J.: 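The structure is given below, and queries will be raised subsequently.
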There are 2 protein chains.
Amino acid sequence: MMEEEKKHASLGDSKDEYDELDEETLFIVSQTFKALSEPTRIRILHLISDKEFSVNDIAEHLGLLQSTVSHQLRFLKNLRLVKYRREGTTMYYSMDDNHVLDILNQTINHARHH
Amino acid sequence: MMEEEKKHASLGDSKDEYDELDEETLFIVSQTFKALSEPTRIRILHLISDKEFSVNDIAEHLGLLQSTVSHQLRFLKNLRLVKYRREGTTMYYSMDDNHVLDILNQTINHARHH
DNA sequence: TATAAATATGAACATATAATCATATATTAC
DNA sequence: GTAATATATGATTATATGTTCATATTTATA
């Protein structure tokens, strides 16, 4: 978990400089892809990509425990990838990030066409 | 690690059927995004996206151990995301999947423009 | 063949993470 | 208020994963 430290490339000489990834960008990018790197989360996102679903509906459609779905939805919610609305005691979840949805669909198609 | 089993949705009634993700697609998609979900791998891919680099060059540019880089390159190599060529004892690595590179760049830009 | 240089690999360790279980919270209806 | 329903949450456990260290492998050269 510990890795060598490195001096920052001196900005100024713009010659062979390439655009370094700052820590924040790196974090956001890695978190975004991490959301898409788990079969369970992929299935949830894929399911709710067209229309909203309640937590229980997601669990039933995908054969998952309610608790599992709720945990994963929290993850996706924290990243603002999904949104939700309440109706009584029921929470309806749906997609909230078109860019990520695009990327997911692109990659699904890419994977299918072998 | 064990989750409820579920009967397959009966194909045939095409009414509200949505395109289920088969296991293989799910695996490929998740693996692809997993490759992009780690800061170290992101930095490596981003570095070699324009031109080829040797293992040692990557390690030096990114402040990583040679061993760390080599392990991660094996990961990326197995997914055919990078290719390599030998020159003496030196191995030069470069990108080998434009789709994944596209997705990475898209997401980096998306993350940067806040 | 012996040596050096570059890379790859296996084992060990620490950490991260997903699923599960039990339970808490929130909302509605009575 | 109490009961019922839907969801959220904390703790636990098993597993997956990234880094490090030591060493093996590969290639070139003397």
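Just so you know, these numbers come straight off a predicted model, no measurement behind them. Both backbone and side-chain heavy atoms feed into the values below; hydrogens, waters and symmetry mates do not. Here is how names work: the chains are called A, B, and so on, in the same order as the sequence lines, proteins then strands, and each is numbered from 1.
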J.: Taking all atoms of both residues into account, what is the closest heavy-atom pair of Ile28(A) and Ala111(B), and its distance?
T.: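 The pair with the smallest heavy-atom distance is CG2-CB, 3.7 Å.
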J.: Give a yes or no on whether a donor-acceptor pair under 3.5 Å exists between the nucleobase atoms of dT9(D), that is its base, and the side chain of Ser67(A).
T.: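 A donor-acceptor contact between them is present.
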J.: Round to a whole Å and report the spacing from CD1 of Ile42(B) to C1' of dT17(D).
T.: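 Value for this atom pair: 15 Å.
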J.: Please report, rounded to the nearest Å, how far the P atom of dT7(D) is from the CD1 atom of Ile44(A).
T.: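 My rounded result for the distance is 13 Å.
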J.: So what does Tyr93(B) touch, heavy atoms closer than 4.0 Å: a base, only the sugar-phosphate, or nothing?
T.: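 The answer is sugar-phosphate, as Tyr93(B) gets under 4.0 Å only of primed atoms, P, OP1 or OP2.
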J.: So if I take every side-chain heavy atom of Val55(A) and compare against dT7(D), dA18(C), dT7(C), which nucleotide ends up nearest?
T.: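 The nucleotide sitting nearest to the side chain is dT7(D).
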J.: Would you mind reading off the distance between Glu87(A) atom CD and dT7(D) atom P, rounded to a whole angstrom?
T.: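 Checked: the CD to P distance equals 11 Å.
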J.: Would you say a side-chain N or O of Lys34(A) is under 4.0 Å from OP1 or OP2 of dT17(C)?
T.: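 Yes, because at least one side-chain N or O of Lys34(A) sits under 4.0 Å from OP1 or OP2 of dT17(C).
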J.: Has Arg86(B) got a side-chain N or O lying under 4.0 Å from the OP1 or OP2 atom of dA6(C)?
T.: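 So the side-chain polar atoms of Arg86(B) never come under 4.0 Å of the phosphate oxygens OP1 or OP2 of dA6(C).
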J.: Quick check: on DNA chain C, is the nucleotide nearest Tyr84(B) upstream (toward 5') of the one nearest Gly88(A), or the reverse? Name the residue that is more 5'.
T.: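 This one resolves to Tyr84(B).
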J.: Less than 4.5 Å apart, any side-chain heavy atom of Leu36(B) and any of Val29(A)?
T.: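 Leu36(B) vs Val29(A): side chains apart.
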J.: Checking Arg86(A) against Tyr92(A): charged group under 6.0 Å from the ring centre and within 45 degrees of the axis?
T.: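 Geometry flag: not set, cation outside 6.0 Å or 45°.
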J.: How many Å lie between CE on Met91(A) and C1' on dT28(C), as a whole number?
T.: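 Atom CE in Met91(A) sits about 15 Å away from atom C1' in dT28(C).
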J.: Quick one: Glu60(A) CD to dT5(D) C1', roughly how many Å, whole number?
T.: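 Answer to the nearest Å: 13 Å.
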J.: Tell me which nucleotide among dT7(D), dC21(D), dT7(C) gets nearest to the side chain of Ser54(B).
T.: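 Shortest atom-to-atom distance from the side chain points to dT7(C).
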J.: Which whole-number value in Å describes the distance from Leu65(B) CG to dA11(C) P?
T.: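 One finds 20 Å between P of dA11(C) and CG of Leu65(B), rounded.
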J.: How many Å lie between CZ on Phe75(B) and P on dT19(D), as a whole number?
T.: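 After rounding, the reported distance stands at 11 Å.
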J.: Side chain of Gln66(B), base of dA6(C): donor and acceptor closer than 3.5 Å?
T.: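 Side chain to base: no pair below 3.5 Å.
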J.: From the options dA8(C), dA6(C), dT5(D), select the nucleotide whose nearest atom is closest to the side chain of Thr89(B).
T.: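 Side chain of Thr89(B) sits closest to dA6(C).
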J.: I need the minimum non-hydrogen distance between Leu76(A) and Arg41(A), along with the two atoms involved.
T.: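 Smallest interatomic distance, heavy atoms only, reads CD2-CD, 3.9 Å.
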J.: Quick check with a 6.0 Å cut-off and a 45 degree axis cone: is Lys77(A) positioned over the face of Tyr84(A)'s six-membered ring?
T.: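 So Lys77(A) does make the cation-pi contact.
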J.: Any side-chain N or O of Arg74(A) under 4.0 Å from OP1/OP2 of dT7(D)?
T.: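 For dT7(D), neither OP1 nor OP2 has a side-chain N or O of Arg74(A) closer than 4.0 Å.
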J.: Measure from CG on Asp57(A) to C1' on dT5(D) and round the result to the nearest Å.
T.: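 Result: 14 Å.
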J.: To check you understand the geometry: which heavy-atom pair defines the closest contact between Leu62(B) and Leu47(B), and what is its length?
T.: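 So the minimum-distance heavy-atom pair works out to CG-CD2, 4.1 Å.
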J.: Please check the phosphate of dT7(D) (OP1 and OP2 only) for any side-chain N or O of Asn56(A) closer than 4.0 Å.
T.: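 Result: yes.
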J.: Looking only at side-chain N and O atoms, does Gln72(A) come under 4.0 Å of OP1 or OP2 in dA19(C)?
T.: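 So the side chain of Gln72(A) is within the cut-off, an N or O lying under 4.0 Å from OP1 or OP2 of dA19(C).
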J.: Mind checking Thr90(A) for me? I need base, sugar-phosphate or nothing, with any heavy atom below 4.0 Å counting as a touch.
T.: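 Contact class for Thr90(A): sugar-phosphate only.
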J.: Would you say the base of dT19(D) stacks on His71(B) (centre-to-centre below 5.5 Å, plane angle below 30°)?
T.: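 So no, this residue does not stack on that base, at least one cut-off failing.
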